[in-house]
Amino acid sequence: MKKVLIIAYHFPPIGGSGMQRTVKFVKYLASFGWKPVVLSVMKGKSYELIDSSFLGEVPPDIKVYRTKWFSLFGVVKVPDKKIGWLPFAVLRGLKVLRQEKIKVIYTTSPVVTVHLIGYLLKKISRLPWVADFRDPWIGNPGRINIKGVRKLVEEWLEKKVVYNADKVIANTDFLKADFEKRYDDAAKDKFVTITNGYAPEDFVGVAKNNGMSENGKFVITHTGEFYEKIRNPSVFLKAIGILLREKKLNNEDIIINFVGSGDYTKSEQYKRFIKKYCLEQIIKDIDHVHHRESIQFLYFSHILLLFNFSNGRLQIPAKTYEYIKVGKPILALTEEGALSSLLENIDSATIVDLSNVDQIKKAVYKLYSDFKGKKLKVDIDERFKNKFNRKLLTKILADVFDGVISKGGRN
């Protein structure tokens, strides 16, 4: 079986949605003629979030090589704070390439340091290399404050990655189009879209409560972290607070779950906001839970709440595809872009401007009224859902690998 070296910082037992794409590819690739070999980091202080439930997803015959990394005392953070992993990963990677007789190198970000590791391994080994961008590098809303010399350096580094990779994968068509526009002299077939998705087995055995939990209360659920600057629930919470004050909602009649919401919901700023709008009784801040439990929360809800990043036109939150699989009505707060384009295919999705309080108020009140009148729409077509089955998406990745080895990978 042909072997691919998968270089990924986020790999079990590191948790979070960013790890799932990689671990599912690792799980399914053998079905399409490719055996993964993984290069990641050692467990330690570098692990921000632990979810051991995914360790069982990695087939027992898969070799996982782990290296240490060090922080350069905060002095060097270009392209990110994991740059201290690069020398260890390159040295171990070269050994693994020879030892395992690797045919293709595959790097997946974030963190974007992995693409520099891939670039160096490609230059030394001359093997084909596929760079997978799960988020933008240049144009990432979390990096918009990067300016001056650092911005110039990172733009130069991204060019090195794009021009030297045999294939560049984007996880939305909007991100792919952005690459094609900025690198219009590159071959058009260099860029390919492989979206995020869901794995059907993650939903097996999860109770499908059909929203009858919480003693008949109207339940809205969001899964995943918030961030002060790029994904902040404050406008939504303000809209809820106004609806309560106007008595269009009853705080005895509604529950809003924030599952795995992260450090932001522990901040004083957030707590003051909750108190200001008298939301203490309806907001439930729930710490990180295992993946299957987060899916359970979705099934026990009436509305699935989705916040896109500010300035996140190119991105679709990974949880979106699991929301689609669950099939409950989705309330998405986003600007026009990749996410709104996807959800326009779903009649039961409501799309509002993430900064428009009035739009959010009207949308929530309409959904609440539909809930009270038993008129909530649940009508996502199964064929549409199946487009995002991770096993089918893995077949596309395997085809990419087959394509680059047929061309020799001699960029």
Side-chain angles (χ1 to χ4, degrees), residues 5-10 18 21-22 39 69 72 75-87 89-90 93 104-196 229-230 309-316 318 337-338 397 400 404 409-411:
L5 177 62
I6 292 182
I7 306 174
Y9 175 85
H10 294 97
R21 179 179 175 95
T22 307
L39 179 61
W69 74 283
L72 297 176
V75 177
V76 180
K77 294 183 180 178
V78 179
D80 52 46
K81 63 183 180 180
K82 304 301 190 298
I83 188 63
W85 182 32
L86 184 144
V90 170
V104 172
I105 301 163
Y106 166 85
T107 55
T108 179
S109 64
V111 266
V112 291
T113 287
V114 300
H115 296 317
L116 302 187
I117 296 166
Y119 168 76
L120 292 173
L121 291 177
K122 159 80 176 184
K123 283 295 185 182
I124 297 168
S125 70
R126 305 297 290 169
L127 286 171
W129 167 38
V130 176
D132 181 8
F133 286 83
R134 301 200 311 266
D135 284 320
W137 182 347
I138 304 304
N140 188 313
R143 303 170 69 87
I144 57 175
N145 292 325
I146 294 173
K147 298 176 181 177
V149 174
R150 178 174 175 179
K151 182 179 180 183
L152 293 174
V153 169
E154 294 207 21
E155 288 174 344
W156 178 76
L157 289 173
E158 189 193 72
K159 286 180 182 178
K160 286 290 184 182
V161 168
V162 169
Y163 285 127
N164 284 276
D166 297 272
K167 285 283 185 181
V168 173
I169 297 173
N171 67 358
T172 73
D173 285 333
F174 277 66
L175 180 55
K176 175 176 175 281
D178 181 70
F179 276 126
E180 290 172 339
K181 180 179 179 181
R182 292 191 293 115
Y183 297 101
D184 58 358
D185 56 338
K188 292 302 180 188
D189 65 353
K190 177 183 282 281
F191 304 104
V192 62
T193 300
I194 303 180
T195 69
N196 281 314
K229 295 181 179 178
I230 60 172
F309 295 110
S310 301
N311 301 306
R313 188 183 66 84
L314 305 178
Q315 294 167 274
I316 297 174
L397 181 64
V400 170
V404 295
R410 299 289 179 179
N411 277 7

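Sequential numbering from 1 along the given sequence is applied to the chain's residues. Quick caveat: nothing in here was measured; it's all calculated off a predicted structure.
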- Message: Pair Phe191, Val162 - check side chain to side chain contact (heavy atoms under 4.5 Å, CB included), show working.
- Response: CA-CA 9 Å; Phe191 304 104; Val162 169; 3.8 Å; yes
- side chain to side chain contact (heavy atoms under 4.5 Å, CB included) between Val400 and Val192: does it pass, once the steps are laid out? CA-CA 9 Å; Val400 170; Val192 62; 4.2 Å; yes
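In this structure the side chain of Arg134 never reaches within 4.5 angstrom of the side chain of Ser109, judged on heavy atoms. The shortest side-chain heavy-atom distance between Ile117 and Ile105 does not fall under the 4.5 Å cut-off. Looking only at side-chain heavy atoms (C-beta outward), Val130 and Val104 come within less than 4.5 Å of each other. Side-chain contact check for Trp129 versus Tyr106: every heavy-atom pair is 4.5 Å or farther apart. You'll find the side chain of Thr113 stays beyond 4.5 Å of the side chain of Tyr9, heavy atoms only. Residues Thr172 and Phe133 are not in side-chain contact: their nearest non-hydrogen atoms beyond the backbone lie 4.5 Å or more apart. Counting only heavy atoms from C-beta outward, the side chains of Trp69 and Leu86 never approach each other to under 4.5 Å. At a threshold of 4.5 Å between non-hydrogen side-chain atoms, the residues Ser310 and Lys229 do not count as touching.
Heavy-atom contacts from other residues, nucleotides or ligands closer than 6.0 Å to NZ of Lys181 number 12 or fewer.
When the side chain to side chain donor-acceptor pair (under 3.5 Å) test is applied to Asn311, no partner is found at least two apart in sequence or on another chain. The side chain to side chain contact (heavy atoms under 4.5 Å, CB included) test applied to Ile146 returns Arg143, Arg150, Lys151, Glu154, not counting sequence neighbours. For Glu158, the salt bridge (charged side-chain N to carboxylate O under 4.0 Å, His left out) partners are Arg182, not counting sequence neighbours.
When all heavy atoms are compared, the tightest approach of Thr193 to Lys176 is OG1-CD, 3.0 Å. For Leu157 against Val78, the heavy-atom pair with the smallest separation is CD1-CG1, 4.1 Å. In plain terms, the two heavy atoms of Ala8 and Thr108 that are nearest each other are CB-CG2, 3.6 Å. The minimum heavy-atom distance between Leu314 and Phe174, with the atom names listed, is CD2-O, 3.6 Å. The shortest non-hydrogen separation linking Leu121 to Gly93 is CD2-C, 4.0 Å.
Under the 3.5 Å distance criterion, the side-chain polar atoms of Asn164 are matched with a main-chain donor or acceptor of Lys160. Formation of a donor-acceptor pair under 3.5 Å by the His115 side chain with backbone atoms of Ala131 is not found in this model. No side-chain donor-acceptor contact under 3.5 Å links Thr107 to the backbone of Gly118. Judged purely by atom type and a 3.5 angstrom limit, Asn140 has no side-chain atom pairing as donor or acceptor with the backbone of Asp135. In terms of modelled atom types and a separation under 3.5 Å, the side chain of Lys167 and the main chain of Asp189 share a donor-acceptor contact.
Between Lys159 and Glu155 there is no salt bridge, since no side-chain N of the basic residue sits under 4.0 Å from a carboxylate O of the acidic one. For Arg21 and Asp132, the salt-bridge test passes: some basic side-chain N is under 4.0 Å from an acidic carboxylate O. We find that Lys190 and Asp166 are not joined by a salt bridge, their nearest charged nitrogen and carboxylate oxygen being 4.0 Å or further apart.
Distance CH2/Trp156 to CG/Leu152: 12.0 Å, rounded to 0.5 Å. Distance check, rounded to the nearest 0.5 Å: CG of Asp80 to CH2 of Trp137 gives 8.0 Å. Expressed to the nearest 0.5 Å, how far CD1 of Ile6 lies from OG1 of Thr22 amounts to 7.0 Å.
Checking Asp185 against Tyr163 by side-chain atom types alone, a donor-acceptor pair falls below 3.5 Å. Inspection of the Thr195 and Asn171 side chains reveals no N or O donor paired with an N or O acceptor under 3.5 Å.
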